[in-house]
Structures are given as C-alpha cells and as structure tokens.
There are 2 protein chains.
Amino acid sequence: MKIQPFKVYGQKRQVEPALDQKKIVQAALGLLDEDGFDGLTMRSLAKKLGIKAASLYWHVRGKEELLGLLAEEICAPMGVPDRTLPWQKQLEVLGNEYRRVLLAHRDAARILASSGAPSGPNRLRLTEMVLSILLDAGFSPQDAVYAGSLLNEYVTMFVSGETQYENTETKSDRKDSPSEAQNWIKALPPTDYPSVVALADHLMKSDADDRFRFGSEILRNGLETRLATRSGR
Amino acid sequence: MKIQPFKVYGQKRQVEPALDQKKIVQAALGLLDEDGFDGLTMRSLAKKLGIKAASLYWHVRGKEELLGLLAEEICAPMGVPDRTLPWQKQLEVLGNEYRRVLLAHRDAARILASSGAPSGPNRLRLTEMVLSILLDAGFSPQDAVYAGSLLNEYVTMFVSGETQYENTETKSDRKDSPSEAQNWIKALPPTDYPSVVALADHLMKSDADDRFRFGSEILRNGLETRLATRSGR
DNA sequence: ACCTGAACACCGTTCAAGT
DNA sequence: ACCTGAACACCGTTCAAGT
C-alpha cells in the first residue's frame, strides 16, 4: 500500500526522507484551514502525514516551534506598500495587507498572537517595514517602537476578534431578523444600562471592514497628532 | 478528617451544600493566581476543593461558563470615573482602571480575552460606562460602538501582551546587561533590517506603563480628531 | 539518520450509580 | 439534590528500540 519514493542512484544515493520541515509546515497549514486552531494537534497532523506523532519531534522541537514556523509561512505573501506615498497612506496599505494575509488562513490571527516575537525573515520584514515608515515619518526611536507594536497588535487583535466566532455560526441566520443576542440586549434593564440598550441595533450589525477602517483611521490620526505636537518643540 | 459544616436545625433543616458556584469561582480565582491560566484545569480545581472533577458539572455548565464567571469576578472591583470630567480624561481614567483590575490577578487578561461578549453585570457596567461617555462626547451611535470595542480591546490586548512572558522571566537579569534577545537583534544583517537593528536598544527596554500611556493617548487623540471632523459637517 | 511502540502524565466531559 | 467511579476520547512529549 505504501508507495516508495523514486530512488535516484547516482551522485546522491540516499533515499530522500519522506518527511522534512517544509512538508510538515505545509501539511499543518492545510490542517489549520480544514480544522482550525483547536483541530491542529501534533497527533492529527501526524495522521494527516501518514506517520506517528513521535516522528514529528525529529524535525521540530515541539508544538511551539511549529506554530512559529506556521506564523512565518502565513506571513510569506505579505506585500509591501509604495514607499513614495505619504506615511499615513503607507501605514494604511500595510495594515490592510496584513489583515488580508491573516484572513487568508483559518485562525491565522490566533497563530500569530500565540507565537512570540518575530524571528523569521517574513515577520521581520514586516517589522522592519513599519519601523522604517515611522522613522522616515519623523517619529523618535522610542515612539516608533511603541507605535509599531501598537499597529501590529491592533491588526492581529482585530482579526482575532472578527474571526473568533465564525465557526459558531448560527445556521438559522435570516439577514434582517433580530438576532437572539440582540433581543437579549434589548431585554436588559434600561435603568442600569441605558446606552447599551439604546445601541443594541448598532452593537450587533457591525461590518468588519468598516470597523477595521475605523480603528485604523483612529490610530493614524492619533499618530499624526502625536507627531505634530512633538516635532513642534 | 472532614469538618462537617455547622448544621442549623430550624427553619432550614437541610445541610448547606459543601459546594456552590460562589465557592467554585473563588477557588478558581485563587488557583489562577497560584498556577496561572494553563494551570487552571477542571481537575486541578476539583483537587483544590477536595472533590472530584465530575462534581463541578453540577454547578457549572462547563469550563467556558466557569471562565465567564471568573471574568465577572475579576471585573468586580472596577471603579468609575468622575462623570464631570472632560470625556478624554474620563476615558483615560477608565482605561487605567481597567488595566489595574486586569493586573490584579495573574493572566486575568487572557481570561477576559478568551471569554466572549460580556453578559454579567460587572462587565456590562464597564461597557455601559464607555458607551455612555462616548455618546455624551457627541459620537454617533455607530462610532460610539466602534470606539468602545476599540478601547476595550486595546486594554485587554495590551495587558495580555505585557504579562505574556512574565512566567518565562529570565532569572539572570542584570538591569543594564544587554539581554540575549538584544544581542540577537544586533546580530541581524543591517542591510535587510536597518531599522530593526538601529532600534535594538529601544525594542527591548520598553517600560510597560509608558507604553500603555502612549497607546492610550494615541487612541484618545485619534478619537478627538474623528469627533472634530465629523461634528463639523 | 530517521521513524515507531509504548508509555507518561495529563486534559474536558458524560453518565450510571451511589447517598 | 448533590456527589462519585469509571470511563471515553482526547492532548504534548519522551525515549528506548527498530531499520
């Protein structure tokens, strides 16, 4: 039943290994898209590869390293903004691009959030890009670092949130029928929570793209103000 | 070895149950402080309470509900800002207060991030407060909702990040000796990552309070700009 | 060098059975 | 009504052993 890999007798006489880190990461990415973050386990990954879980540990140190490699792979398709644009526009483009990349794979934002500081080339390039834009814009070194992590964390947090409950999608979701949650909010005591009750409709039907743009704009405007008040003295 | 609870013979003749939801949540909070988020399991919680894990399921639906109750408990000590202050100051105070409350228990931010939308009174009060401040400031319903979740998510995300690697504290941490990570960054190819390398020192020694203030200010300034440009037409 | 068998020390949850 | 015994279906990781 097992198909042997094509053996090449010549310069290299060794059989090419059935497994390598690249194949593992690729399979993990596929499994992530199929079963999500919680479905991605060392054991299920091994099963998908037709091997035993223990074999994985010859190629990766553990699950943490695997998630790091996965984070790198997810960030690979990141494009770069046109550096001749004004810095605000560059940040906007970069933010949109990062979100696009995170939305390309199921639970990708959770992978990025769970893995630590960037150590691979793809994520480092992203960090370099945002810091470079901020320094060129005129931010101080300390402010550039703070702003950079703020922008990065905003996107991962946002996408994390927007995709958190998409597997728990309510099937019977008529577009305009008030959701159960909406009715729940409206049933709250208005004396205690007047604003919450008043905003019930708006709290539920928030468009993700719209909401992302909002936060994105708030951050850029805030940074603009910061730059203006600092460089002016 | 077991100490029987004091029985009252009279109106109520039943023995008071050894367990109730309140005691469970209290014990869970203690366990969280001792062993952190990953150490808080249904089994270890049961052990701490001197019972079997299965018993917990009589009092709570499952772990998800327990985390929700825990989130409520964590938010209980939230104070409210002086409503006569300008809205920017009110938001600042509220943000600081929320961060303070999250830092009061180990991994509290992770609990808040993992539990879903607020459904208990304590977290609802927080939501009501921020929405009320924003509406009073003059934001549109939609903007108030967007800004509210942005502010809330900023704090939880920030505290999540600032506490993420505090259990992995490097023991041999001389204050001014360059950290291992710092040296790692400085060893990167400056041609590929000029800004990252140049900012190595600033990337490592970021003061959490300072950084929180920075992001907090950026958000408030961004909202101010938004309010100014929208109410003017 | 690379992979497996088998175990270790865990998880959350269910459910018939006990009191 | 409340709690337990015992199981189910999982986890990540290690390590001696195989090839």
Side-chain angles (χ1 to χ4, degrees), chain A residues 1-5 7-8 12-25 27-28 31-32 34-70 107 110-111 114-116 167-168, chain B residues 1-5 7-8 12-25 27-28 31-32 34-70 107 110-111 114-116 167-168:
Chain A
M1 208 49 191
K2 270 197 180 177
I3 298 163
Q4 290 299 333
K7 284 189 197 179
V8 179
K12 272 194 152 189
R13 63 187 56 201
Q14 294 169 358
V15 290
E16 54 196 65
L19 221 56
D20 60 5
Q21 221 177 54
K22 196 165 183 169
K23 274 178 195 155
I24 291 175
V25 172
L31 189 57
L32 183 69
E34 291 162 23
D35 297 346
F37 187 87
D38 294 328
L40 175 60
T41 70
M42 299 301 271
R43 295 173 112 102
S44 63
L45 176 56
K47 181 169 282 178
K48 186 186 173 81
L49 285 162
I51 54 160
K52 300 296 171 181
S55 310
L56 293 169
Y57 290 83
W58 183 263
H59 301 276
V60 297
R61 193 179 298 277
K63 189 165 189 181
E64 201 177 320
E65 181 172 300
L66 178 66
L67 292 180
L69 294 168
L70 219 34
D107 289 340
R110 274 177 78 185
I111 302 268
S114 73
S115 68
N167 43 2
T168 325
Chain B
M1 208 52 192
K2 273 199 180 178
I3 297 165
Q4 289 297 336
K7 285 190 196 178
V8 180
K12 272 199 152 187
R13 62 185 57 201
Q14 296 169 353
V15 290
E16 53 198 64
L19 219 57
D20 60 5
Q21 220 177 56
K22 195 167 186 168
K23 274 177 196 158
I24 290 175
V25 173
L31 189 56
L32 182 68
E34 292 162 24
D35 298 345
F37 187 85
D38 294 326
L40 175 61
T41 70
M42 300 301 270
R43 297 174 110 103
S44 63
L45 176 56
K47 182 169 280 179
K48 188 187 171 83
L49 286 161
I51 55 159
K52 300 296 171 182
S55 310
L56 292 168
Y57 290 83
W58 185 263
H59 301 277
V60 296
R61 193 178 300 275
K63 189 165 190 182
E64 201 176 321
E65 181 172 300
L66 177 66
L67 293 180
L69 294 168
L70 218 36
D107 289 339
R110 273 177 77 184
I111 302 268
S114 72
S115 68
N167 43 4
T168 325

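Order of the sequence lines sets the chain letters (A, B, ...), proteins ahead of strands, with each chain counted from 1. Heavy-atom basis, side chains included; hydrogens, waters and symmetry copies ignored.
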Tell me the interatomic distance from A/L49, atom CG, to C/dT4, atom P, rounded to whole angstroms. 11 Å
N or O in side chain of B/H59 less than 4.0 angstrom from D/dC3 OP1/OP2: yes
Interatomic distance, B/L69 atom CG to B/K22 atom NZ [nearest 0.5 angstrom]: 12.5 Å
What's the CD-C1' distance between A/Q21 and C/dA1, to the nearest Å? 16 Å
C/dC2, OP1 or OP2 - any side-chain N/O from A/W58 closer than 4.0 Å? yes
From CA spacing to verdict: side-chain contact (heavy atoms from CB on, under 4.5 Å), A/L40, A/L70: CA-CA 11 Å; A/L40 175 60; A/L70 219 34; 3.6 Å; yes
Is there a side-chain contact between B/D35 and B/T41 (heavy atoms, below 4.5 Å)? no
Just the rounded figure in Å: distance from C1' of D/dT4 to CG of B/L19. 13 Å
If you define the side chain from C-beta out and look only at heavy atoms, does anything of A/K63 sit under 4.5 Å from A/L45? no
Integer angstrom distance from the C1' of D/dC2 to that of C/dA17: 13 Å
Calculate, to the nearest 0.5 Å, the distance between atoms NE2 and CG belonging to B/H59 and B/L19 respectively. 4.0 Å
Minimum heavy-atom distance between A/G39 and A/S44, given as atom pair plus value: O-OG, 3.0 Å
Distance check, rounded to the nearest 0.5 Å: A/Q21 atom CD versus A/L66 atom CG? 8.5 Å
In whole angstroms, the gap separating C1' of D/dC3 from NZ of B/K23 amounts to 14 Å
For residues 45-61 of chain B, pull every pair meeting salt bridge (Lys or Arg N to Asp or Glu O under 4.0 Å), keeping only residues two or more places apart or in separate chains. B/E34-B/K48, B/R61-B/E65
pair A/L56-A/L49: side-chain heavy atoms closer than 4.5 Å: yes
Where along nucleotides 12-19 of chain D does protein come under 4.0 Å, by heavy atom, of base (B) or sugar-phosphate alone (S), with - for untouched nucleotides? BBBB----
Calculate the interatomic distance between B/K47 atom NZ and C/dA9 atom C1'; express it in whole Å. 11 Å
If you write DNA chain C from 5' to 3' in dot-bracket form, with Watson-Crick or G-U pairs under 3.5 Å, [ ] for crossing pairs and | for pairs with another strand, what do you get? ||.|||||...|||||.||
